[in-house]
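One structure is given below, encoded as structure tokens.
These numbers were taken from a predicted model, which means no experiment stands behind them. Labels below follow one simple rule: chain letters A, B, ... track the order of the sequence lines, proteins then strands, and each chain is numbered from 1.
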Amino acid sequence: MRDWCSALTCCRPAPMLDLRHVSENLPEVKAALTRRGFSDAALLDRLGTLAEERRSVITGVEALRQERNEASQAMANVADKKSEEFQTRREQLRTLGDQIKQGEARQAAVETELEAILLNLPNLPHPGTPDGLTENDNVEIRVWGDKPSFDFDARDHVELGTGLDILDFERAAKISGSRFVVLKGLGSRLNRALMQFMLDVHAAEHGYEEVWPPVLVKDSAMLGTGQLPKFAKDAFRMAKDEEWEAEAGAQGHDLYLVPTAEVPITNLHANEIVAGADLPIAYTGYTACFRSEAGSYGKDTRGMIRVHQFDKVELVRFCHPDEGEAQLDVLTQHAQTILQKLGLHHRVVQLCAGDMGFAAQKSYDLEVWLPAQSAYREISSCSWFGDFQARRMKARFRPEDKGKPRFVHTLNGSGLAIGRTLVAILEQNQQADGSVNVPEALVPYMAGIERIPAP
RNA sequence: GGAGGAGUGGCCGAGCGGUCGAAGGCGGCGGAUUUGAAAUCCGUUGUAGGGGCGACUCUACCGGGGGUUCGAAUCCCUCCUCCUCCGCCA
């Protein structure tokens with residue numbers, strides 16, 4: 001609770017799901033949330049009760065305020081402010097003021113509880129999102145390329161990278177602990193080439209505006225995209241030095257290391273009203289990403305598949321509500337283009353309702369083939385959030401035909417996760433002698449180097 | 001880190017504790033003029049939450065929060081943000 005309330009006071013976010021929509025369509029909302037495995041019916045009933053109370057409290061308070069306003073007006077027009085009548089009236093109005101304060105306090109309490117509930121409800125799955133609760137229910141949409149075949153036993157990226165002396169897990173552990181990696185030599189170079197390549201393709205060929213955002217963000221930004229309040233444990237937060245703050249009389253914001261560039265880039269338009277004619281807006285940006293991986297103990301402990309710090313190029317789009325679904329296809333294709341240009345075998349799956357992220361209403365994952373694991377692994381997740389994020393961060397547009405501001409729709413996707421792309425290149429392009437071929441598209445970014453040679 | 005200054009509607013910018021949702025300008029929209037456009041003139045133009053079938057009406061919002069007061073954009077406290085100068089620093 002305390003984690004995000006300061007954000008509430010500094011950016012005044014609207015609740016995520018529309019209160020009116022939820023409270024007036026409780027059965028439908030319950031059904032939709034059940035589809036993604038959320039089935040706390042009691043919580044939703046509580047929300048309904050609170051919504052009703054909120055309405056009656058507001059009506060009451062506003063009537064009292066109207067009375068006060070009218071009385072104050074009359075007071076202003078009294079010529080003799082010292083008259084006994086004026087003094088008496090003043091006493092009466094003082095009581096009225098106290099009643100208003102009581103009503104306001106009740107309203108605040110009700111709204112605080114409502115907000116807490118709403119902020120913790122996930123987005124409703126889009127009708128186009130298939131049923132299912134786990135990744136086993138995801139739907140394969142299309143497959144690109146063929147599985148590479150080897151006439152030797154395929155090595156995994158750890159063996160390959162260590163052998164080539166381009167990945168160093170032991171020294172990373174010495175410096176930073178488990179789940180970190182040091183890239184060396186051509187490994188570092190390859191990482192840098194991938195970042196450059198991806199940004200170039202998206203900026204020059206796909207029309208995205210390139211941005212380089214901060215990687216430390218306020219809690220209000222994390223709240224806007226949906227990482228907070230529910231998933232605070234997944235992010236790294238800057239330690240606040242209470243002693244120092246007391247001494248300096250300062251009280252800074254909580255700052256979080258971004259788990260994805262989605263957070264700073266999507267929040268670029270928080271609390272803004274953009275011109276409808278400017279939509280769609282598209283940004284691409286690189287950031288390092290930081291994740292605590294709380295709760296994933298024992299999962300992917302080997303190698304750089306799941307690490308605390310990794311690099312990623314992100315795609316973010318803002319669009320008109322009518323275009324959201326089509327924009328998701330566009331964005332997904334943009335991400336897929338990178339894998340195609342790199343010649344990496346992969347597939348596209350649509351996530352079922354239960355496997356989607358908290359804020360998403362429809363998602364596609366790009367899964368790249370890892371021969372050593374003999375499995376497809378997520379390398380990009382492309383999602384359409386409807387107005388879920390926009391509502392939380394108050395990102396709106398003014399329709400071209402005049403009219404009231406409306407919430408934009410937001411989308412994002414990895415374009416791509418650089419670390420996992422590097423893993424896929426090592427594993428899919430490995431040669432019998434342990435060397436690795438550099439994808440043709442990357443050669444210009446590698447100063448002409450076509451192969452990472454075996455030692 | 002030290003010393004100052006400032007935060008008002010889409011933007012700029014006025015505003016004696018009551019008649020201020022807030023002058024004026026820009027921008028936007030509608031209209032007049034024009035072959036059309038520019039220019040000019042007239043009008044109009046915030047967001048959100050309640051109530052009413054509805055024309056409509058009420059309430060809140062002048063960076064956030066709190067306080068004083070019958071009454072706060074205006075007074076007090078506090079926090080945040082931005083700017084200027086000095087210092088330090090990649």
Side-chain angles (χ1 to χ4, degrees), chain A residues 2 4-15 18-24 50-101 103-112 114-115 118 214-221 223 240 242 244-255 267 269-279 387 390-408:
Chain A
R2 191 62 210 170
W4 48 270
C5 62
S6 62
L8 289 179
T9 57
C10 72
C11 73
R12 298 165 288 137
D18 182 43
L19 173 60
R20 179 174 295 173
H21 177 260
V22 174
S23 59
E24 290 177 359
L50 286 167
E52 277 176 40
E53 181 174 2
R54 171 177 174 276
R55 190 172 300 206
S56 69
V57 170
I58 285 177
T59 308
V61 171
E62 292 194 341
L64 291 177
R65 270 201 280 250
Q66 183 178 355
E67 187 183 339
R68 182 179 69 183
N69 287 347
E70 284 165 1
S72 287
Q73 194 52 56
M75 296 286 277
N77 295 329
V78 172
D80 182 5
K81 302 276 203 264
K82 297 229 169 74
S83 71
E84 200 165 308
E85 186 194 337
F86 187 90
Q87 297 299 335
T88 312
R89 191 78 184 111
R90 212 162 101 172
E91 286 304 316
Q92 294 170 347
L93 288 178
R94 201 195 303 273
T95 313
L96 182 61
D98 289 341
Q99 290 177 328
I100 291 173
K101 269 184 187 161
E104 285 173 341
R106 181 63 199 148
Q107 184 185 342
V110 170
E111 291 187 337
T112 298
L114 267 176
E115 215 156 50
L118 284 170
V215 295
L216 283 171
V217 297
K218 296 193 280 195
D219 47 6
S220 57
L223 194 81
K240 288 182 74 173
E242 309 280 348
W244 177 85
E245 286 192 350
E247 201 175 299
Q251 194 187 328
H253 274 287
D254 285 347
L255 286 177
N267 276 282
H269 292 295
N271 294 307
E272 289 187 8
I273 301 175
V274 303
D278 291 343
L279 298 175
D387 65 6
R391 192 180 292 280
R392 289 167 84 102
M393 64 184 191
K394 283 211 175 95
R396 293 173 293 174
F397 72 100
R398 195 173 295 279
E400 291 188 66
D401 55 353
K402 257 187 123 197
K404 295 199 170 247
R406 298 177 58 188
F407 290 114
V408 298

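Protein atom CG of Asn271(A) is 19 Å distant from nucleotide atom P of C80(B), rounded to whole Å. The interatomic distance linking Leu19(A) (CG) with G49(B) (P) rounds to 10 Å, in whole Å. Whole-Å rounding puts the Ile273(A) CD1 to G28(B) P distance at 17 Å. The interatomic distance linking Phe86(A) (CZ) with U69(B) (P) rounds to 14 Å, in whole Å. One can place CZ of Arg65(A) at 13 Å from P of G50(B), the figure rounded to the nearest angstrom.
Nucleotides of RNA chain B nearest to Arg396(A) and Arg20(A) differ in position, and the one nearer the 5' end is that of Arg396(A). Residue Glu111(A) is the one, among Leu93(A) and Glu111(A), whose nearest nucleotide of RNA chain B lies closer to the 5' end (criterion: closest heavy atom).
Looking only at distances, no side-chain donor or acceptor of Ser72(A) sits under 3.5 Å from a matching main-chain atom of Asn69(A).
Residues Arg94(A) and Glu91(A) are paired through a salt bridge, judged by an N-O separation under 4.0 Å between the basic side chain and the carboxylate.
With both ends at atom P, the span from G24(B) to G15(B) equals 15 Å, rounded to whole Å. Comparing the same atom, P, in A55(B) and in U68(B) gives a spacing of 41 Å after rounding to whole Å. Between C26(B) and A38(B), the distance separating the two P atoms is 15 Å to the nearest Å. Taking atom C1' in both A3(B) and A73(B), the straight-line distance is 28 Å, to the nearest Å. Nucleotides A23(B) and G63(B), compared at atom P, are 16 Å apart to the nearest Å.
Annotation: side chain of Leu114(A) is in contact with side chain of Leu19(A) (closest heavy-atom distance under 4.5 Å). A 4.5 Å side-chain heavy-atom check between Arg396(A) and Val408(A) finds every atom pair outside the cut-off.
Note on Asn69(A): every side-chain N or O is 4.0 Å or more away from OP1 and OP2 of G71(B). The side chain of Lys101(A) contributes an N or O atom lying less than 4.0 Å from OP1 or OP2 of U68(B).
Atom CZ of residue Arg55(A) and atom CZ of residue Arg20(A) lie 6.5 Å apart, to the nearest 0.5 angstrom.
With respect to Glu111(A), the side chain to side chain contact (heavy atoms under 4.5 Å, CB included) criterion is satisfied by exactly one of Val57(A), Leu50(A), Ile58(A): Ile58(A).
Within 3.5 Å, no donor on the side chain of Gln73(A) pairs with an acceptor on the base of G71(B), nor the reverse.
Pairing of C61(B), defined by two Watson-Crick or G-U wobble distances under 3.5 Å, is identified with G46(B).
Near RNA chain B, meaning a heavy atom under 4.0 Å away, the residues from residues 54-61 of chain A are Arg54(A), Arg55(A), Ile58(A), Thr59(A).
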